[in-house]
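Below is one structure, written out as structure tokens; comments come after it.
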Amino acid sequence: MIILASQSASRRAMLDAAGVAYEAVPARVDEAGVKAAMAGASPRDLSDALAEMKAVKVSANAGPVPVLGSDSIVALADGTLLDKPESREEAAEHLARMSGGSHELWSAAVIAEHGRPVWRHVERAKLHVRPLSPAFIDSYLDQEWPAISGCVGCFRIEGPGVQLFSRIEGSHFTILGMPLLLVLGYLRERGWMSA
Ligand SMILES: Nc1nc2c(ncn2[C@@H]2O[C@H](COP(=O)(O)OP(=O)(O)OP(=O)(O)O)[C@@H](O)[C@H]2O)c(=O)[nH]1
């Protein structure tokens, strides 16, 4: 049994599908505060730091139970980092900014034991967004708002979000929210899942 330090439905769904025995405990890390304190950091470093904070915070009170924390960040080609949209209007703005260009989605995972990180990995996917008309964005949000309010990048790739893209490079799992294959590899290595 492990602890998933997350309230992300997508991360829970990934572990459920993979047959991982876990308990979900939200980490409640002040992500906005960390992002402000780490202004200028690369998306790789920022997602890794946030994943570690989530895992270590929950692990501090989890005794010997391994704790998995994760974080995903969208980085536009101009370096802008996008958070989860706080309103339908902000989602429309994000989609318009992503339209016709490519962006990166970084997903980090950190496993902690006894309050200390013992394993970490960050993966990057590159997503190419086709030109999105204002009419399409409006009809897409009629379908997908508020479901995508919990999704950085304003899409559920496993749902209608797939309509946004002309090409995707990288792992589907990275986009969903964590480098799952490598997480499973470590769980097997430590005997927390059958190998
Ligand atoms: N279902 C789905 N969720 C996505 C997709 N892309 C990104 N996400 C979610 O976007 C969210 C990124 O925000 P984070 O700050 O990393 O995580 P969170 O949702 O706040 O949850 P915590 O792990 O508790 O911090 C995660 O829940 C990801 O699973 C996608 O294509 N489909």
Side-chain angles (χ1 to χ4, degrees), residues 2-18 20 22-38 41-59 62 66-76 81-86 90-91 94-95 98 102-112 117 120-129 140-141 143-165 167-181 183:
I2 68 167
I3 291 175
L4 174 65
S6 176
Q7 52 82 31
S8 164
S10 177
R11 293 188 177 115
R12 291 202 308 273
M14 293 164 88
L15 295 188
D16 289 336
V20 177
Y22 70 94
E23 177 194 348
V25 175
R28 305 209 195 288
V29 160
D30 172 17
E31 295 194 30
V34 172
K35 289 176 179 174
M38 290 185 68
S42 68
R44 169 187 290 276
D45 292 345
L46 187 53
S47 59
D48 177 66
L50 283 163
E52 175 175 328
M53 285 179 189
K54 296 173 192 180
V56 164
K57 179 176 179 185
V58 174
S59 173
V67 179
L68 168 63
S70 197
D71 191 74
S72 298
I73 287 177
V74 161
L76 300 182
L81 304 184
L82 295 185
D83 282 319
K84 296 187 288 292
E86 294 187 359
E90 188 174 27
H94 286 185
L95 290 162
M98 291 157 50
S102 63
H103 62 268
E104 298 175 334
L105 196 156
W106 294 80
S107 282
V110 171
I111 292 174
R120 60 188 342 117
H121 193 80
V122 185
E123 269 190 354
R124 181 197 75 133
K126 188 166 185 178
L127 300 98
H128 301 263
V129 181
Y140 168 79
L141 290 174
Q143 273 185 279
E144 284 291 276
W145 186 265
I148 54 162
S149 60
C151 302
V152 72
C154 303
F155 59 81
R156 295 187 293 177
I157 194 72
E158 75 279 15
V162 72
Q163 296 178 32
L164 303 179
F165 305 105
R167 189 157 65 97
I168 286 171
E169 298 167 76
S171 162
H172 186 77
F173 300 114
T174 299
I175 297 169
L176 286 173
M178 76 170 95
L180 181 64
L181 296 179
V183 167

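Atoms within each ligand, like the ligands themselves, are counted from 1 in listed order. Just so you know, residue 1 is the first one in the sequence shown, and it goes up from there. Note that this is a predicted model, so its numbers are computed, not measured. Computed over heavy atoms, backbone and side chain alike; hydrogens, waters and symmetry mates excluded.
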Quiz prompt | atom 19 (O) of ligand 1: the protein heavy-atom neighbour that sits closest, reported with distance to 0.1 Å | solution = Gln7 NE2, 3.4 Å
Quiz item: Under 30°, 30 to 60°, or over 60°: which ring-plane class applies to Phe155 and His103, parallel, tilted or perpendicular?
Solution: tilted
Quiz item: What protein heavy atom sits nearest atom 30 (C) of ligand 1, and how far off is it?
Solution: Phe155 O, 3.4 Å
Quiz item: How close does the nearest protein non-hydrogen atom get to atom 17 (O) of ligand 1, and which residue and atom is it?
Solution: Arg11 NH1, 2.9 Å
Exercise. Indicate yes or no: at least one non-hydrogen side-chain atom of Val20 is less than 4.5 angstrom from one of Ile2.
Key: yes
Quiz prompt | Proximal atoms of ligand 1 relative to Ser8 (non-hydrogen, under 4.0 Å) | solution = 19 (O), 21 (O), 26 (C), 27 (O), 29 (O)
Quiz prompt | Under 3.5 Å: donor-acceptor pair, side chain of Ser107, backbone of Ile73 | solution = no
Quiz item: Judging by distance only, is a nitrogen or oxygen of Lys54 under 3.5 angstrom from one on ligand 1?
Solution: yes
Quiz prompt | Identity and separation of the nearest protein heavy atom to atom 1 (N) of ligand 1 | solution = Glu158 OE2, 2.8 Å
Practice problem: Starting from atom 13 (O) of ligand 1, locate the nearest protein heavy atom and write down its residue, its atom name and how far away it is, to 0.1 Å. | Solution: Lys84 NZ, 3.5 Å
Quiz item: So, Lys84 side chain and Gly150 main chain: donor-acceptor pair closer than 3.5 Å or not?
Solution: no
Quiz item: Any sub-3.5 Å donor-acceptor pair from Ser42's side-chain atoms to Asp45's backbone N or O?
Solution: yes
Self-check item: Nearest-neighbour protein heavy atom for atom 15 (O) of ligand 1, which is reported as residue plus atom name and distance
Solution: Glu31 OE1, 3.0 Å
Quiz item: Are the side chain of Arg11 and the backbone of Gly177 linked by a donor-acceptor contact shorter than 3.5 Å?
Solution: yes
Self-check item: For Ser6, atoms of ligand 1 separated by under 4.0 Å from a heavy atom
Solution: 21 (O), 22 (P), 23 (O), 24 (O)
Quiz item: Between Ile73 and ligand 1, which part of the residue brings a heavy atom under 4.0 Å of the ligand: side chain, backbone, both or neither?
Solution: neither
Self-check item: Closest protein heavy atom to atom 28 (C) of ligand 1, given as residue, atom name and distance to 0.1 Å
Solution: Leu176 O, 3.6 Å
Exercise. Would you check whether Ile175 has a nitrogen or oxygen atom less than 3.5 angstrom from a nitrogen or oxygen atom of ligand 1?
Key: yes
Quiz item: Is there side-chain contact between Val74 and Leu81, with at least one heavy-atom pair below 4.5 Å?
Solution: no
Quiz item: Which ligand 1 atoms, with their elements, are less than 4.0 angstrom from a heavy-atom of Asp71?
Solution: 14 (P), 15 (O), 16 (O)
Quiz item: Under 4.0 Å from any heavy atom of Ser10, which atoms of ligand 1 are there?
Solution: 1 (N), 2 (C), 3 (N), 29 (O)
Quiz item: Sequence neighbours excluded, which residues qualify as salt bridge (charged side-chain N to carboxylate O under 4.0 Å, His left out) partners of Asp83?
Solution: Lys35
Practice problem: Look only at the side chain of Ser102 and the backbone of His128, and say whether a donor-acceptor pair between them is shorter than 3.5 Å. | Solution: no
Exercise. Determine, for Arg167 against Glu169, whether the closest basic-nitrogen to carboxylate-oxygen distance falls under 4.0 angstrom.
Key: yes
Self-check item: ligand 1 atoms in contact with Ser72 (distance to a heavy atom under 4.0 Å)
Solution: 16 (O)
Self-check item: Within-cut-off N or O pair, Leu105 and ligand 1, under 3.5 Å
Solution: no
Quiz item: Is ligand 1 less than 4.0 angstrom away from at least one heavy atom of Gly150?
Solution: yes
Quiz item: Who passes salt bridge (charged side-chain N to carboxylate O under 4.0 Å, His left out) against Glu104, sequence neighbours left out?
Solution: Arg124
Practice problem: Note the single closest protein heavy atom to atom 31 (O) of ligand 1, along with its residue, its atom name and the distance in Å. | Solution: Ile157 N, 2.8 Å
